[in-house]
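Residue numbers count from 1 along this sequence.
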Amino acid sequence: MQRLLTVKDIVTSFKMEGQRVRSVDGVSFHIDPGEIIGVVGESGSGKSVTMLSMLQLISSPGRVESGEVFLEGVEGNLLSAPANGPLMREVRGGRISMIFQEPMTSLNPVLTIGYQIEENILLHQKCSKEEAKARTIEMLKMVNIPDAEERYSYYPQQFSGGMRQRIMIAMAMAAKPSVLIADEATTALDVTTQAQLLEMIRDVAKKTSTAVIIVTHNLGIVARFAERIYVMYAGSVVETTDTMRLFKKPEHPYTRSLLQAIPRLDDPKDRILIPIDGLPPNPATRPDYCPFYDRCLYHMDKCREQKKPALIELEEGHFAACLLTEEEKAQKAVEIANRDIRSAPQKNIQPDNCLEVEKIRKFFPVFQGIMRKKIGEVKAIEDISFTLRRGETLGLVGESGCGKTTLARSIMRVYEPESGQVVFDGTDITHLNDRQLKPVRPKISMIFQDPYSSLDPRQTAESIVGESLKIHHLVQNQQEYEERVDELFRLVGLDPGLKSRVAHEFSGGQRQRLGIARALSSNPSLIICDEPISALDVSIQAQIINLLEDLQAQLGLSYLFIAHDLAVVKHISDRILVMYLGRVVEIADCLELYENTLHPYTKALLSAIPVADPAVEAQRERVVIKGEVPSIRHRPTGCPFHNRCEHAMEICKKEPPELIHVNDSHQVACYLYTQR
């Protein structure tokens with residue numbers, strides 16, 4: 001059978017410390033017209049490098065050493081053609097298009113989006129400028145850009161993140177490619193926008209018979225959208241089969257470990273996440289035997305004694321690179337199941353409140369012109385009220401721009417609210433000055449989203465963790481300081497022997513542990529976790545979630561846990577607060593929110609989260625959310641969600657609904673549940 005695209009044994013190396021190191025080591029795959037395949041694995045597994053190698057986009061000191069790429073309708077091996085020759089220029093963007101992870105860095109900020117899409121059409125379609133413009137507007141409409149004729153002349157910075165990613169999709173699809181590569185194309189987007197874009201890519205692929213390769217570390221996405229999956233580890237494919245079979249009966253220990261490490265929306269609340277211990281091997285020191293050996297729960301002596309296993313067909317269409325037989329894996333699975341499994345830590349939630357927030361508002365002035373004349377206000381958060389008990393975790397969810405971080409900064413008093421009250425440990429801190437806030441500051445800490453940019457690259461790990469000990473005079477002498485720093489390192493699972501290292505010498509998971517140790521150093525009673533795991537791999541996410549739960553049980557901490565992944569929030573939270581455009585739309589106990597969802601926006605959010613199981617995905621009811629999140633500066637009157645809500649009534653357009661109690665543990669702001 002003639003395949004649309006066939007990739008055989010690609011080997012790509014990079015020069016490191018005088019030697020050539022294989023980043024991609026013999027990867028093969030194929031795809032047919034209209035098919036959607038997924039390529040999954042942790043960061044550093046070689047997913048993106050494989051895609052770039054296929055298009056000859058690897059620059060020095062890297063090079064594609066060997067391999068073959070065959071594309072239907074193109075004679076010969078693409079890798080034997082000159083990288084900058086006419087054939088590869090025609091293939092790149094014309095026959096094979098790529099959507100990159102960060103749309104703002106992929107779009108030219110000084111050119112209009114219409115010009116950038118049109119350029120691709122003129123290059124590959126050989127048509128007139130008028131036809132190219134008509135095709136551009138058609139593509140903008142296809143990806144649901146409103147007012148496409150007017151917005152044709154807009155610049156990238158005049159669009160939201162979701163809109164920019166739609167423009168990237170329009171640009172990639174404009175030249176009618178045969179293959180579309182989505183390289184982590186929706187990772188940085190909200191779950192609702194992510195679902196919209198992926199469903200749109202799937203619809204376009206089926207209509208036009210375009211083949212789609214989804215490169216991601218999100219197993220939920222491939223469970224919902226992919227037909228076949230390739231699992232990559234340490235530069236090689238370790239398992240491949242159709243999606244249903246991979247999730248129902250994963251054969252490679254790495255695939256099994258990945259599935260055990262991720263929280264799922266349909267999980268029981270007390271399911272224990274089992275992280276994959278250790279880190280993927282450094283390509284420069286990768287062993288000749290199975291590269292997963294050191295992290296594998298199933299490994300046996302023969303795995304180390306023999307060469308790295310090749311992919312073998314276990315049953316028709318199901319390949320795995322593992323030396324163990326079915327009997328050996330079954331025996332090991334029984335041994336693993338009989339081990340002492342980490343039990344869920346017992347929380348001690350107190351009846352008294354650590355934090356009380358009452359109707360707080362935060363507005364930001366909008367200025368214009370040289371004279372900086374005030375022309376309006378951005379109402380970032382309005383009338384937010386909630387309580388947080390000692391030892392409790394309150395999950396805070398909502399799309400980007402809804403005011404989650406503004407609320408967190410107002411609680412920390414980085415911002416001073418316009419009105420309302422923030423009561424921490426019985427003290428109203430809303431309008432205290434810096435001197436009055438000094439004793440309060442150590443008691444509220446923050447863990448940031450990006451573990452790299454939040455650490456000073458010039459400071460040692462010891463000074464990062466120990467800085468607040470000195471600032472807040474929490475130690476009496478140097479010996480006490482060093483003992484406390486060592487204690488903090490051990491508390492978060494780091495070796496105190498690493499104290500002299502700087503940030504770039506740690507892995508992503510270790511850097512986040514440093515951030516947690518720094519947050520704990522001032523003995524806080526409240527920690528605000530601002531998207532603390534969104535920048536991490538799924539295996540490391542499980543480690544950090546387990547660590548946060550253990551620390552809470554051990555130290556009696558209260559968490560305000562901000563995230564947009566509701567599966568993670570469900571796993572870690574006791575109660576959940578849902579925000580939309582600066583307002584609270586629903587608050588409930590965790591299980592109550594998931595089992596008895598009331599607000600239309602919350603229903604749409606939950607529906608947008610993919611579950612890492614295609615059988616479950618096939619049976620789930622979809623609640624489609626229409627339109628884009630409005631600008632917070634031009635928030636709709638009345639209920640902020642009314643212009644996207646299928647249940648909107650006339651009253652919804654006039655005034656915002658109050659937050660009302662549906663029962664003792666559930667509040668909602670929606671006119672569907674009030675008698676007017």
Task: Asp25/Lys308 ion pair, N-O < 4.0 Å - done: yes

Task: Lys8 atom NZ: more than 12 heavy-atom contacts under 6.0 Å - done: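 No.
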
- [ ] Flag yes if more than 12 heavy atoms outside Lys302 fall under 6.0 Å of its NZ atom; otherwise flag no.
- [x]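 For Lys302, atom NZ is crowded (more than 12 foreign heavy atoms under 6.0 Å).
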
With a 4.5 Å heavy-atom cut-off, do [X] and [Y] have their side chains touching?
X      : Y      : value
Arg575 : Leu394 : yes
Val578 : Tyr601 : yes
Thr602 : Val397 : no
Glu227 : Asp242 : no
Asp32  : Arg3   : yes

Keeping [X] on the side-chain end and [Y] on the backbone end, is there a donor-acceptor pair under 3.5 Å?
X      : Y      : result
Gln543 : Ile276 : yes
Ser209 : Gly34  : no
Gln541 : Ile533 : yes
Lys570 : Tyr594 : no
Glu617 : Ala223 : no
Asn338 : Val334 : yes
Asp530 : Met446 : no
Lys329 : Tyr298 : no
Ser53  : Val49  : yes
Glu35  : Ala211 : no

Task: Verdict with supporting geometry, Leu52 and Met98, side chain to side chain contact (heavy atoms under 4.5 Å, CB included) - done: CA-CA 9 Å; Leu52 294 172; Met98 198 161 180; 4.1 Å; yes

Open item on the list: Over 60° means perpendicular and under 30° means parallel, so tell me whether His252 and Phe292 are parallel, tilted or perpendicular.
Closed with: tilted

Open item on the list: Once you measure the plane-to-plane angle for His30 and Tyr230, does it fall in the parallel (<30°), tilted (30-60°) or perpendicular (>60°) bin?
Closed with: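 Perpendicular.
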
TODO: Evaluate the side chain to side chain contact (heavy atoms under 4.5 Å, CB included) criterion for residues Met142 and Met200: first the C-alpha distance (whole Å), next the side-chain angles of each, then the deciding distance (0.1 Å), finally the verdict.
DONE: CA-CA 9 Å; Met142 187 190 76; Met200 185 184 65; 6.0 Å; no

- [ ] Identify the two heavy atoms, one from Lys249 and one from Glu239, that lie closest to each other, and give their separation to 0.1 Å.
- [x]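 Heavy atoms only, the tightest pair is O-OE2, 4.4 Å.
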
- [ ] Please list all pairs passing the side chain to side chain donor-acceptor pair (under 3.5 Å) test where one or both residues lie in residues 281-294, with sequence neighbours left out.
- [x] Tyr289-Arg304

TODO: Scan Tyr559, Phe561, Phe448 and name whichever one has a side-chain contact (heavy atoms from CB on, under 4.5 Å) with Pro532.
DONE: Phe561

TODO: For Glu399 and Thr192, test the side chains for any donor-to-acceptor distance below 3.5 angstrom and give the result as yes or no.
DONE: yes

Open item on the list: Please tell me whether Arg92 and Gln56 have a donor and an acceptor in their side chains that are separated by less than 3.5 angstrom.
Closed with: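 Looking only at side-chain atoms, Gln56 and Arg92 do not form any donor-acceptor pair under 3.5 Å.
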
TODO: Take Ile167 and Val143, measure what side chain to side chain contact (heavy atoms under 4.5 Å, CB included) needs, and give me the verdict at the end.
DONE: CA-CA 8 Å; Ile167 291 161; Val143 297; 6.0 Å; no

